[in-house]
Chemist: 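Attaching a single structure in structure tokens format; questions to follow.
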Amino acid sequence: MPVCRIMNRQGQELRRFATESAAVGTSFSVGRSSSCTIALKQEAGRTVSRVHFTVEQQPSGAWILANKSSHGTLKGDRSIEQTPIEPGDVFQFGSCFFCFGDQAGPSPYRLRWEEDGGVQDEAVLWPGRNTVGSANNNTIAVKSESVSRQHARVTISEGEVYIEDLNSSLGTFIGGKKVDGLVRVAPGAQIRLGKARVWLDEPARSGAGGAGDDAASGGRSKVLIVAAVVVVVVVLTAIVLGLVR
């Protein structure tokens with residue numbers, strides 16, 4: 001079994017565990033209860049059940065995820081009860097996400113929004129289908145009276161972002177134009193869910209981009225150091241020649 005991670009809606013890692021040496025038939029339970037193998041007492045809140053789901057290795061070596069919660073466990077926007085899991089799979093349980101394998105995790109995109117009262121919040125978007133609405137069981141929960149319980153679906157596919165309205169009461173809009181069907185959204189676009197304002201942020205650049213910036217900064221520093229050394233050598237040479245004469 002690959003490395004597994006539990007993450008929150010902001011994409012922060014809460015727990016990490018690996019079970020490469022687990023014996024056949026090993027079962028891991030995840031939930032708020034202290035009796036769970038992976039206990040999320042404080043981080044998860046009441047959206048996670050005492051025992052929310054289990055992950056068990058089969059005699060074949062495959063792993064099976066089984067829902068144990070009345071709140072449900074989701075894969076994308078589909079509720080699941082029992083399913084084989086593969087590296088790269090992500091499952092939502094309450095306000096948390098179970099990521100199976102090193103490559104499983106959030107997309108580089110995130111949504112920011114303004115809730116009633118002007119309070120701003122944000123959350124990452126995940127590869128595949130993300131539901132957005134006022135209910136807690138959405139991938140992204142936007143608390144606003146003008147947002148339907150399940151208002152819209154945002155899909156991340158091959159690096160592109162698409163949005164569609166889910167028959168919401170007050171509609172979904174991009175740049176003032178009502179969304180009809182599946183519509184591509186460009187990073188930086190302003191979206192409106194009912195009266196709630198939402199923004200699709202540019203992809204995060206803290207990884208390779210940051211490294212590139214550091215490398216560039218390091219390169220500039222090296223150039224400046226070399227230039228300073230050259231100047232010092234020239235000055236010293238001039239002084240020595242002057243003394244000789």
Chemist: Do you reckon Val154 sits in the same ILVMFWY cluster as Val179, going by side-chain contacts under 4.5 Å, direct or chained?
Modeler: yes

Chemist: Looking only at heavy atoms, what is the nearest atom pair of Glu86 and Asp89, with distance?
Modeler: N-OD2, 2.8 Å

Chemist: In terms of hydrophobic clusters joined by side-chain contacts under 4.5 Å, are Val183 and Val198 together?
Modeler: yes

Chemist: Could you check Thr139 against Gln92 for side-chain contact (heavy atoms from CB on, under 4.5 Å), going step by step and ending with a plain yes or no?
Modeler: CA-CA 7 Å; Thr139 314; Gln92 180 184 354; 3.7 Å; yes

Chemist: Carefully, step by step, assess Thr47 and Ser95 under the rule side-chain hydrogen bond (donor to acceptor under 3.5 Å, both in side chains).
Modeler: CA-CA 6 Å; Thr47 61; Ser95 59; 3.1 Å; yes

Chemist: Check whether NZ of the Lys or CZ of the Arg Arg192 lies under 6.0 Å from the centre of the six-membered ring of Phe173 and within 45 degrees of that ring's axis.
Modeler: yes

Chemist: Could you tell me whether the side chain of Lys143 and the main chain of Glu115 form a donor-acceptor pair under 3.5 Å?
Modeler: no

Chemist: Check this for me: Glu145, atom CD, are more than 12 non-hydrogen atoms of other residues, nucleotides or ligands nearer than 6.0 Å?
Modeler: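 Check fails, neighbour count at 12 or below.
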
Chemist: So, the side chain of Arg15 versus the backbone of Ala39: is there a donor-acceptor pair under 3.5 Å, distance only?
Modeler: yes

Chemist: Using modelled atom types only, decide if a donor and an acceptor are shared between the side chain of Ser146 and the backbone of Lys195 within a distance under 3.5 Å.
Modeler: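 Yes; judged by distance alone, with no hydrogens or angles, the pair exists.
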
Chemist: Does any non-hydrogen side-chain atom of Ile156 lie less than 4.5 Å from one of Asn130?
Modeler: yes

Chemist: Under a 3.5 Å distance rule, please check whether Asn138 uses its side chain to pair with a backbone N or O of Arg149 as donor and acceptor.
Modeler: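 Side chain of Asn138 to backbone of Arg149: a pair is present.
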
Chemist: Are Ile163 and Val147 linked, directly or through intermediate hydrophobic residues, by side-chain heavy-atom contacts shorter than 4.5 Å (ILVMFWY only)?
Modeler: yes

Chemist: Give the minimum heavy-atom separation between Cys99 and Met7, together with the two atoms involved.
Modeler: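 Smallest interatomic distance, heavy atoms only, reads SG-SD, 3.8 Å.
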
Chemist: State, to 0.1 Å, how close Ser29 and Cys36 come at their nearest heavy-atom pair, and which atoms those are.
Modeler: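 Smallest interatomic distance, heavy atoms only, reads OG-CA, 3.2 Å.
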
Chemist: Does the ring centre of Phe98 sit less than 6.0 Å away from the ring centre of Phe53?
Modeler: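 So the answer is yes for these two rings.
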
Chemist: Would Asp116 and Ser144 count as a side-chain hydrogen bond (donor to acceptor under 3.5 Å, both in side chains) here? Give the steps.
Modeler: CA-CA 5 Å; Asp116 294 344; Ser144 173; 2.9 Å; yes

Chemist: Are Tyr109 and Trp113 linked, directly or through intermediate hydrophobic residues, by side-chain heavy-atom contacts shorter than 4.5 Å (ILVMFWY only)?
Modeler: yes

Chemist: Backbone N or O of His71 within a donor-acceptor pair of the Ser69 side chain at under 3.5 Å?
Modeler: yes

Chemist: Go through it in stages, so that I can follow the logic: the residues are His52 and Val30, the test is side-chain contact (heavy atoms from CB on, under 4.5 Å), and I'd like the CA-CA distance, side-chain angles, deciding distance and then a yes or no.
Modeler: CA-CA 6 Å; His52 206 108; Val30 179; 5.6 Å; no

Chemist: Regarding Glu122 and Arg110, does a basic nitrogen lie under 4.0 Å from an acidic carboxylate oxygen?
Modeler: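 A salt bridge is present here (some side-chain N lies under 4.0 Å from a carboxylate O).
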
Chemist: Check the hydrophobic clustering (I, L, V, M, F, W, Y; side-chain heavy atoms under 4.5 Å; chains of links allowed) and say if Val142 and Ile174 are grouped together.
Modeler: yes

Chemist: Gln120 and Arg112: side-chain contact (heavy atoms from CB on, under 4.5 Å), yes or no, with the steps?
Modeler: CA-CA 7 Å; Gln120 290 202 359; Arg112 291 184 297 112; 4.1 Å; yes

Chemist: Can a donor-acceptor pair be found between the side chains of Ser157 and Thr155 at a distance below 3.5 Å?
Modeler: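 Short answer, no.
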
Chemist: Could you pull out the closest heavy-atom pair between Ser49 and Ser70, with the gap in Å?
Modeler: OG-N, 4.5 Å

Chemist: Taking all atoms of both residues into account, what is the closest heavy-atom pair of Gln190 and Trp199, and its distance?
Modeler: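 Nearest pair, atom of Gln190 first, then Trp199: OE1-NE1, 3.4 Å.
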
Chemist: Going by salt bridge (charged side-chain N to carboxylate O under 4.0 Å, His left out), name the residues that satisfy it together with Asp165, two or more places apart in sequence or in a different chain.
Modeler: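 For Asp165, no residue satisfies salt bridge (charged side-chain N to carboxylate O under 4.0 Å, His left out) once neighbours in sequence are set aside.
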
Chemist: So which atom in Phe100 and which in Cys4 form the shortest heavy-atom distance, rounded to 0.1 Å?
Modeler: CD1-SG, 3.7 Å

Chemist: With side-chain contact (heavy atoms from CB on, under 4.5 Å) as the test, would you mind laying out the steps for Leu74 and Ile80 before giving the verdict?
Modeler: CA-CA 6 Å; Leu74 304 172; Ile80 61 98; over 6 Å; no

